[in-house]
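Below: the structure, in structure tokens.
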Amino acid sequence: AQKVTQAQTEISVVEKEDVTLDCVYETRDTTYYLFWYKQPPSGELVFLIRRNSFDEQNEISGRYSWNFQKSTSSFNFTITASQVVDSAVYFCALSEERRGSYIPTFGRGTSLIVHP
Amino acid sequence: DGGITQSPKYLFRKEGQNVTLSCEQNLNHDAMYWYRQDPGQGLRLIYYSQIVNDFQKGDIAEGYSVSREKKESFPLTVTSAQKNPTAFYLCASRNEKLFFGSGTQLSVL
């Protein structure tokens, strides 16, 4: 069984604030993948990052950064100097093998609202 | 440009009616997926297909059916057995990551 928990249902910040979205996962597999997706109001999910279970190196991409810690089963996402365009629902997902295919299971999402 | 096309964008179902949601991809991906999204529920897996002429039930397959006769197409039928069909439906295909369509909002008349 696998489970992804995004405990923050909604976060509201003012533009230029830093914000961290939490993701905690459960799996018994040693090989798995973690993802973050962004869903703007248009509805289509946009891929942000993929990380495999053997790569704990943190990653930074512009204002986005990700902190993967296997010891705490967490894969947190930080937006630095948030902007109004960052307003969206963000999903964390865990993918482990099921019948020969890696099937992502998604958390319930965190709605981020950035006020001007 | 390559991508996933879902149609229609909005769909209305009458009680007792079956409706079919279209999903087409030109990314040459073998694997395709259908997810259902309800407010506050995240995405839940309905069906997935790893290859043509093969598909597997996901976590909430009851009341739904699919077919995979062509690599490019993975239509989802919401049958009359699905008593609570109102939701946002997302189709995806995969290589190393999932690529999503823009979704279909299904409502009940």
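Chain letters run A, B, ... following the sequence lines, proteins first, then strands; residues in each count from 1. Atom set for the values below is all heavy atoms of this structure, side chains included, hydrogens, waters and symmetry mates excluded.
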Checklist entry - Quick one: do A:I49 and A:V4 end up in the same hydrophobic cluster if we chain Ile, Leu, Val, Met, Phe, Trp and Tyr together by side-chain heavy atoms under 4.5 Å apart? => result yes
Checklist entry - If Ile, Leu, Val, Met, Phe, Trp and Tyr residues are connected whenever their side-chain heavy atoms lie under 4.5 Å apart, and connections chain through other members, are B:W34 and B:F99 in the same group? => result no
Next on the checklist: Let's test your reading of the structure: which of B:L45, B:L90, B:L98 forms the most heavy-atom pairs below 4.5 Å with chain A?
Outcome noted: B:L98
Next on the checklist: What's the separation between atom OH in B:Y35 and atom OG1 in A:T105, rounded to the nearest 0.5 Å?
Outcome noted: 6.5 Å
Next on the checklist: Please determine whether residues A:F35 and B:I4 belong to a single hydrophobic cluster, defined as Ile, Leu, Val, Met, Phe, Trp and Tyr linked transitively by side-chain heavy-atom distances below 4.5 Å.
Outcome noted: no
Checklist entry - In terms of heavy-atom proximity below 4.5 Å to chain A, should B:R94 be classed as side chain, backbone, both, or neither? => result side chain
Checklist entry - Does atom CZ of A:F54 have more than 12 heavy-atom neighbours, drawn from other residues, nucleotides or ligands, at distances under 6.0 Å? => result yes
Checklist entry - Got a sec: does the NZ of A:K70 have more than 12 other heavy atoms crowding it under 6.0 Å? => result yes
Checklist entry - Do you reckon A:V24 sits in the same ILVMFWY cluster as A:L34, going by side-chain contacts under 4.5 Å, direct or chained? => result no
Checklist entry - Within a radius of less than 6.0 Å around CD1 of A:I60, do more than 12 heavy atoms belonging to other residues, nucleotides or ligands occur? => result no
Next on the checklist: Using side-chain heavy atoms (C-beta onward) and a distance below 4.5 Å, is B:K97 in contact with A:Y37?
Outcome noted: yes
Item to check | Which atoms of B:Q41 approach chain A - backbone, side chain, both or neither, heavy atom under 4.5 Å | outcome: both
Item to check | CD-CD distance between A:E44 and B:Q6, expressed to the nearest 0.5 angstrom | outcome: 8.5 Å
Checklist entry - Can you find a pair of side-chain heavy atoms, one from A:Y102 and one from B:E96, that are under 4.5 Å apart? => result no
Checklist entry - Do B:F88 and B:F74 share a hydrophobic cluster (ILVMFWY, side-chain heavy atoms under 4.5 Å, transitive)? => result no
Checklist entry - How long is the gap from OH on B:Y33 to CD1 on A:I103, to the nearest 0.5 Å? => result 4.0 Å
Item to check | Per-residue contact mode, A:E10 against chain B (heavy atom under 4.5 angstrom) | outcome: neither
Item to check | Contact summary for B:K9 and A:S42, nearest pair of heavy atoms | outcome: NZ-O, 4.2 Å
Checklist entry - Are the ring centres of B:F100 and A:F47 closer than 6.0 Å? => result no
Checklist entry - Between B:L43 and chain A, which part of the residue has a heavy atom less than 4.5 Å away: side chain, backbone, both or neither? => result both
